[in-house]
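Read the structure below first, then the notes.
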Amino acid sequence: MTDNDEIIEVVKLKIHDPVVQKEVAEWIIENMQQIEFPSSNTLERLIQAVEQIRSHKPENWKRDCFESFVSMEKL
């Protein structure tokens with residue numbers, strides 16, 4: 001399992017806005033704890049996907065990310 005510090009560091013590398021960094025890192029840590037990321041590339045792609053959903057749907061991004069990634073529902 002990727003530890004929280006590693007997730008935070010990768011988020012900081014991929015996202016430059018500190019507010020967005022905090023929100024995205026917190027969401028991944030809270031909702032994706034059971035996932036073992038086989039590589040940092042997988043984690044980077046997840047961060048990019050979360051950031052895209054967040055930017056397109058700022059009012060519902062946490063729910064949409066949950067439905068898409070955690071519950072595996074198609075959006």
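Computed from heavy atoms alone, side chains included, the values below leave out hydrogens, waters and symmetry copies.
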| request: Search all heavy atoms of Met32 against all heavy atoms of Phe69 and return the closest pair with its distance. | output: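 Taking Met32 first and Phe69 second, the nearest heavy atoms are CE-CB, 4.0 Å.
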
| task | Considering non-hydrogen atoms only, spot the tightest contact between Val11 and Gln21 and give its length. | result |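 Minimum heavy-atom contact is CG1-O, 3.5 Å.
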
To the nearest 0.5 Å, how far apart are [atom1] in [X] and [atom2] in [Y]?
X     : Y     : atom1 : atom2 : answer
Lys62 : Ile53 : NZ    : CD1   : 14.0 Å
Leu43 : Ile7  : CG    : CD1   : 6.0 Å
Asp5  : Ile29 : CG    : CD1   : 8.0 Å
Asn4  : Glu30 : CG    : CD    : 10.0 Å

| Are the side chains of Leu13 and Ile47 in touch, meaning some heavy atoms are under 4.5 Å apart? |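 With C-beta onward as the side chain, the pair stays apart.
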
| Mind checking whether Trp61 and His56 have side chains closer than 4.5 Å, heavy atoms only? |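 Trp61 does not reach His56 side chain to side chain.
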
| request: Only counting residues at least two apart or in another chain, list the ones meeting side chain to side chain donor-acceptor pair (under 3.5 Å) with Glu26. | output: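 Residues passing side chain to side chain donor-acceptor pair (under 3.5 Å) with Glu26: Lys22.
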
| N/O donor-acceptor pair under 3.5 Å between Ser55 side chain and Gln52 backbone |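 Here the side-chain-to-backbone pair exists.
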
| Asp3 (side chain) donor-acceptor with Glu6 (main chain) under 3.5 angstrom |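 Here the side-chain-to-backbone pair exists.
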
| request: Output yes when Lys14 and Glu51 qualify as a salt bridge under the 4.0 Å nitrogen-oxygen rule, no when they do not. | output: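 A salt bridge is absent here (no side-chain N lies under 4.0 Å from a carboxylate O).
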
